[in-house]
Each structure stands twice: as C-alpha cells, then as structure tokens.
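In what follows, every heavy atom counts, from backbone to side chain, and hydrogens, waters and symmetry copies are set aside.
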Amino acid sequence: MPESAKEEEGQEEDDAVAGESQEVAKKKKKKKNKSKKKKEPAEQTDPPSIPVIDLFPSGEFPEGEIQQYKDDNLWRTTSEEKRELERLEKPMYNAVRQAAEVHRQVRKYMRSIIKPGMVMIDMCETLENTVRKLISENGLQAGIAFPTGCSLNSVAAHWTPNSGDTTVLQYDDVMKLDFGTHIDGCIVDCAFTVAFNPMFDPLLEASREATNTGIKEAGIDVRLCDVGAAIQEVMESYEVEINGKTFRVKSIRNLNGHSIGRYQIHAGKSVPIVKGGEQTKMEEGEFYAIETFGSTGKGYVTENLECSHYMKAFDVGHVPLRLPRAKQLLATINKHFSTLAFCRRYLDRLGETKYLMALKNLCDAGIVQPYPPLVDTRNSYVSQFEHTILLRPTCKEVISRGDDY
C-alpha cells in the first residue's frame with residue numbers, strides 16, 4: 001500500500017475515534033444535565049409541596065425590598081464599617097429570608113383557594129400543613145411561629161378556630177389572615193385582609209397604605225410616636241360606604257406594631273398606629289412588625305369570645321407547680337413551642353387531651369399567658385396589613401414584601 005494511502009487510513013481511524021469520544025462526551029453531558037435538572041426544580045408545584053430550601057440549592061434566599069434611610073442616615077449606604085457589620089450577620093439575614101420566602105409561597109397558594117363557603121378550621125389546617133412542608137418543619141429549628149389568625153369582621157386579632165368549631169367563611173366577611181414562619185427563632189410576622197365584596201375595598205386600601213406609610217417612616221433613630229402619627233394621618237384620610245352608610249376609617253388606638261426578637265414575637269417596643277405614643281427610638285439591627293388596623297367601629301378593642309391563643313412568658317423563672325398534669329403539659333409546651341405562641345388545636349395535634357384545667361393552672365401561675373380575641377364594636381369591620389422589616393446598618397429591608405402587597 002502506498003505511504004499516502006496508509007496515512008489516509010490512519011487519519012480516518014483517528015477521526016472515527018475522535019468522533020466516538022465526542023459522542024460519549026455528549027451523552028455524559030446529557031446525563032449530567034438531566035441529573036442536574038432533577039436536583040434543581042425550577043419552580044414550586046401546585047399545590048405547593050417542595051421545601052423552599054430545595055428550590056434554592058445555593059442556600060441563598062431572596063433579599064426583601066430595600067428602602068434607603070432618610071437624608072440624615074444616607075451616609076450608612078456607603079459606610080465600609082456598616083457593610084462589614086452586615087457581612088457578619090449574613091447567616092441570620094439568610095435564615096429570616098428563608099422564612100419570608102415560605103410565607104410568600106404559602107400566602108400565594110392560600111389566596112388562590114380561599115373562597116366563600118370554606119370551613120375556617122379546614123382553611124387553617126391547609127395553610128399550616130403547607131407551611132410545615134415548605135419550611136421543612138424541624139422542632140424548634142424551623143416551623144410555624146404562631147397560630148394562624150383568621151379573625152372575622154369586628155374581631156381584629158387573636159382568633160383561630162378551636163377543635164369542633166364549624167364557622168364558615170361568608171361572601172360578606174372581612175377576614176384578617178395573620179400567620180408567621182420562623183427559622184432558628186428568626187420570625188416573619190406578616191398579614192393581609194381578604195374580602196370578597198368590593199364594597200370593602202376602601203377599608204382594605206386604608207390599612208394597606210397606612211402600613212406602607214409606617215414602613216416608609218420607620219428607621220434608625222426614628223421616634224416610635226412619629227411613626228404612629230404618620231400612620232394615623234393616612235388611615236383616617238379614608239372613608240368607606242357600607243350598605244349605604246358612610247364610615248370614616250379609624251386607627252385602632254390600643255393595637256400596635258412591635259419589635260421582634262429571637263423566639264420572641266413581642267420583644268418590648270410597641271409601634272403605635274395613632275399619634276401621641278412613646279418617644280422611644282428605633283435602633284440599628286432591630287426587627288419590627290409594622291402592622292395597622294383600620295376600623296369602622298370605635299377604633300378600640302376589648303377582649304372577648306373564647307380564647308384560642310396562648311404563649312409561655314418569655315422571661316418567666318422557675319414556678320413551683322402542684323398539679324402533675326400541669327407539669328406534664330408544661331413539658332409539652334417547652335418541648336414543642338418554648339416561648340413561641342400556640343393554640344389549642346396544636347395541643348390536640350400533639351395528642352394532648354383533657355388539658356383545659358392544667359392550661360388554666362399554668363395561666364393562673366403566670367407561666368403561660370392567654371391571648372383572647374380582640375374585638376371592636378358589634379357589626380363593625382376591621383382590616384389589617386402587616387410586614388416584617390429589618391433595620392440593617394446600611395438600609396431598611398422589608399423582609400416579607402411580595403408581589404401581592
């Protein structure tokens with residue numbers, strides 16, 4: 001065979017080998033891509049079932065809405081010292097952002113299924129079970145931060161159905177859906193109002209805009225009373241016509257927003273929603289729940305109706321208990337809730353029975369505090385919107401902000 005023919009044959013063999021290698025490489029790449037797709041689901045299922053942590057394989061969760069501080073604090077934006085403080089807090093910021101992402105996905109789903117005719121207890125259990133799935137519930141490390149508030153009409157807050165309650169959601173109801181999520185005790189407290197009848201739209205708009213005003217006014221070194229005054233001015237600029245009668249919307253003067261601590265939903269500072277509150281200042285690094293309540297009633301709530309919400313006192317020391325059943329119930333509370341709020345349905349779910357006397361004993365001893373429903377005047381309507389904000393060293397982050405509100 002001539003030399004040139006041998007060379008040609010050799011070249012063909014090399015090309016064939018190279019071609020095979022490329023085919024093998026392509027197949028391997030396809031396999032890798034397929035396995036990668038399985039590991040990284042692009043979006044949530046409907047209904048939601050994939051834990052949020054699996055949707056973000058990098059372990060980094062979306063930042064909330066960023067708002068700059070007012071002029072006297074604008075220097076913080078570029079301060080290298082303040083940026084370094086934020087770098088040190090990154091794990092904690094990421095934990096609370098994970099809780100916020102769970103909140104957004106759960107409320108998006110709930111808004112798509114809530115309709116007149118739903119049994120309230122079924123609605124709450126659907127919401128809570130969805131939170132448990134998406135947050136990968138894990139004892140006190142991750143889970144529900146407090147009972148699902150679904151207060152109706154004149155009831156402003158702290159109502160959730162106890163076992164056996166048969167209340168059904170009606171077309172003309174105004175429902176405040178207030179629920180919380182947490183990772184490692186970093187709590188997201190966020191609420192919105194559902195009303196099917198469009199005549200209530202101005203009432204909902206009043207509290208939504210008042211909450212946005214409170215968020216805008218909040219900041220490092222801002223006095224709490226100034227936030228309250230700004231909220232009231234916006235809230236009470238609204239009127240709502242209900243069944244032919246016009247009402248001026250009122251801020252409920254004895255309800256407030258509040259600072260939030262780890263495993264502590266109310267950490268000591270109150271954010272008023274009327275003028276004349278405390279002169280205390282907000283401080284760097286604090287979390288706040290900015291929430292407002294607009295009412296067509298007196299704008300003042302009292303405790304009423306059967307109690308469902310309870311919470312162990314945050315700073316309670318050792319209190320001797322004589323009743324063995326009360327000691328046993330306290331052990332359950334310590335194990336599953338610690339200082340996070342709970343409701344009677346949660347005790348039922350854990351298999352606790354005949355516990356009302358023991359629970360009363362813990363309340364009488366000051367170890368557990370009851371939080372009965374808070375109600376304005378009969379036949380009035382209350383709306384609520386709420387977000388959790390973080391006063392970061394360089395900017396203000398609205399942790400729980402979403403596309404919806």
What side-chain donor-acceptor pairs closer than 3.5 Å can you find for residues 309-318, not counting sequence neighbours?
residue : atom : partner : partner atom : Å
His309  : ND1  : His158  : O            : 3.4
Lys312  : NZ   : Asn334  : OD1          : 2.7

Test item: Arg76 and Lys396 side chains (from C-beta on) under 4.5 Å apart, heavy atoms: no

Under 3.5 Å, which donor-acceptor pairs do the side chains of residues 181-189 form with other protein atoms, sequence neighbours left out?
residue : atom : partner : partner atom : Å
Thr181  : OG1  : Ala99   : O            : 2.8
His182  : ND1  : Gly185  : N            : 3.0
Asp189  : OD2  : His258  : NE2          : 3.2

Contacts of type side-chain hydrogen bond (donor to acceptor under 3.5 Å, both in side chains), residue Tyr371, not counting sequence neighbours: Gln369

Inter- and intrachain pairs under side-chain hydrogen bond (donor to acceptor under 3.5 Å, both in side chains), touching residues 113-127, at least two apart: none

Test side-chain hydrogen bond (donor to acceptor under 3.5 Å, both in side chains) applied to Thr280 - qualifying residues, sequence neighbours left out: Glu278

Side chain Lys133, main chain Ile50, donor-acceptor under 3.5 Å: no

Basic-acidic side-chain contact under 4.0 Å: Lys82, Glu284: yes

Main-chain N/O of Ile273 paired to Ser251 side chain as donor or acceptor, under 3.5 Å: yes

Side-chain (Arg83) to main-chain (Thr394) donor-acceptor, under 3.5 angstrom: no

Charged tip of Arg107 within 45° of Tyr405 ring normal and under 6.0 Å: yes

Check: Thr292 main-chain N/O paired with Ser207 side-chain donor or acceptor under 3.5 Å: no

Tyr381-Phe200 aromatic ring centre distance below 6.0 Å: yes

Geometric cation-pi criterion, Arg111 with Phe192: 6.0 Å, 45°: yes

Presence of salt bridge, Glu236 and Arg248, under 4.0 angstrom: yes

For Glu65, salt bridge (Lys or Arg N to Asp or Glu O under 4.0 Å) partners two or more places apart: Arg401

